[in-house]
Amino acid sequence: DTGVSQDPRHKITKRGQNVTFRCDPISEHNRLYWYRQTLGQGPEFLTYFQNEAQLEKSRLLSDRFSAERPKGSFSTLEIQRTEQGDSAMYLCASSLTGGASGNNEQFFGPGTRLTVL
Amino acid sequence: EDQVTQSPEALRLQEGESSSLNCSYTVSGLRGLFWYRQDPGKGPEFLFTLYSAGEEKEKERLKATLTKKESFLHITAPKPEDSATYLCAVRSKAAGNKLTFGGGTRVLVKP
């Protein structure tokens with residue numbers, strides 16, 4: 001099964017450290033999304049890419065967050081100078097533009113659980 | 001701004017006791033309403049997409065319906081393995097390609 005994969009699955013870091021997460025989308029999908037989910041809440045949109053272009057960023061995404069998708073395949077999400085409020089599950093999803101449904105269902109990976117001490 | 005509200009927040013059912021989950025939404029130009037299932041510590045698993053009022057989709061013991069203001073997820077004769085959090089999300093013309101999620105309904109089915 002070549003679903004969405006994320007690495008690492010868990011990350012514990014100290015406040016002020018930088019962390020980087022990786023997402024590998026479903027191979028033929030050209031759109032890639034990042035969401036953040038805190039305990040007991042639904043996922044919140046952070047940003048998305050179409051191929052290598054970052055097309056939208058949420059107001060939630062502070063200057064400490066940066067995402068890249070250099071070759072239109074995998075993506076990285078970096079958080080600089082982490083804060084305790086960054087503790088959350090970071091989810092990646094991918095979709096195919098113009099799929100049979102025309103509505104681009106998003107398929108999610110297992111997530112990266114970040115804990116900032 | 002798109003808004004999605006799910007109710008109830010939590011639901012405890014006996015095995016075989018059918019029930020319904022509600023998802024109320026406010027969007028500008030609905031381009032799809034999505035249901036996902038999420039198990040603890042895992043990412044959401046896609047279940048259904050509904051595009052227009054009156055549409056229905058079914059999968060095993062689950063059936064999703066859509067009106068102009070809300071969607072229902074009906075669980076018929078649930079089993080313990082149906083225990084999970086069920087998330088509803090919308091995609092709209094105004095918001096582009098992002099999904100706006102509700103807070104989810106946590107379902108526990110007891111044997």
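A, B, ... follow the sequence lines: proteins, then strands. Residue 1 opens every chain.
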* Option that, when pairs with chain B are counted at under 4.5 Å, heavy atom only, ranks first among A:G111, A:S58, A:P110 -> A:P110
Flag yes if [X] and [Y] sit in one hydrophobic cluster, no otherwise; membership is Ile, Leu, Val, Met, Phe, Trp, Tyr, and two members link when side-chain heavy atoms are under 4.5 Å apart.
| X | Y | value |
| --- | --- | --- |
| A:V4 | A:W34 | no |
| B:L11 | B:F72 | no |
| A:L32 | A:F65 | yes |

Counting heavy atoms not belonging to [X], are there more than 12 under 6.0 Å from its [atom1]?
| X | atom1 | answer |
| --- | --- | --- |
| A:L117 | CG | yes |
| B:R37 | CZ | yes |
| A:L60 | CG | yes |
| B:E81 | CD | yes |
| A:K11 | NZ | no |
| A:E68 | CD | no |

* Structure fact -> What one should report as the nearest heavy-atom pair of A:P43 and B:L87 is CD-CD1, 4.0 Å
* **Distance-minimising heavy-atom pair for B:Y51 and A:E105** =>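 Closest approach of B:Y51 to A:E105, heavy atoms only: OH-OE2, 3.4 Å.
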Can you tell which part of [X] gets under 4.5 Å to a heavy atom of chain A, answering side chain, backbone, both or neither?
| X | result |
| --- | --- |
| B:Q6 | neither |
| B:A89 | neither |
| B:K98 | both |
| B:L99 | both |

* Asked: In Å and rounded to the nearest 0.5 Å, what is the CD to OG1 distance from A:Q106 to B:T49?
  ->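 Taking CD in A:Q106 and OG1 in B:T49, the distance rounds to 10.0 Å.
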* Given a strict heavy-atom distance threshold of 4.5 Å, which part of A:E56 is in contact with chain B: side chain, backbone, both, or neither? ->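 Only the side chain of A:E56 comes within 4.5 Å of chain B.
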* To do: Measure distances from A:Q37 to the heavy atoms of chain B and classify the residue's part below 4.5 Å as side chain, backbone, both or neither.
  => side chain
* Residue among B:G41, B:G102, B:P44 with most heavy-atom pairs under 4.5 Å to chain A -> B:P44
* To do: Could you have a look at B:G104, B:G103, B:A95, B:G96 and say which one has the most heavy-atom pairs with chain A under 4.5 angstrom?
  => B:G103
* Starting from the C-alpha separation in whole Å, work towards a yes-or-no answer on side chain to side chain contact (heavy atoms under 4.5 Å, CB included) for A:R31 and B:N97. => CA-CA 9 Å; A:R31 285 185 178 161; B:N97 290 299; 2.8 Å; yes
* Are B:F101 and A:F45 an aromatic pair by the rule of ring centers under 6.0 Å? -> no
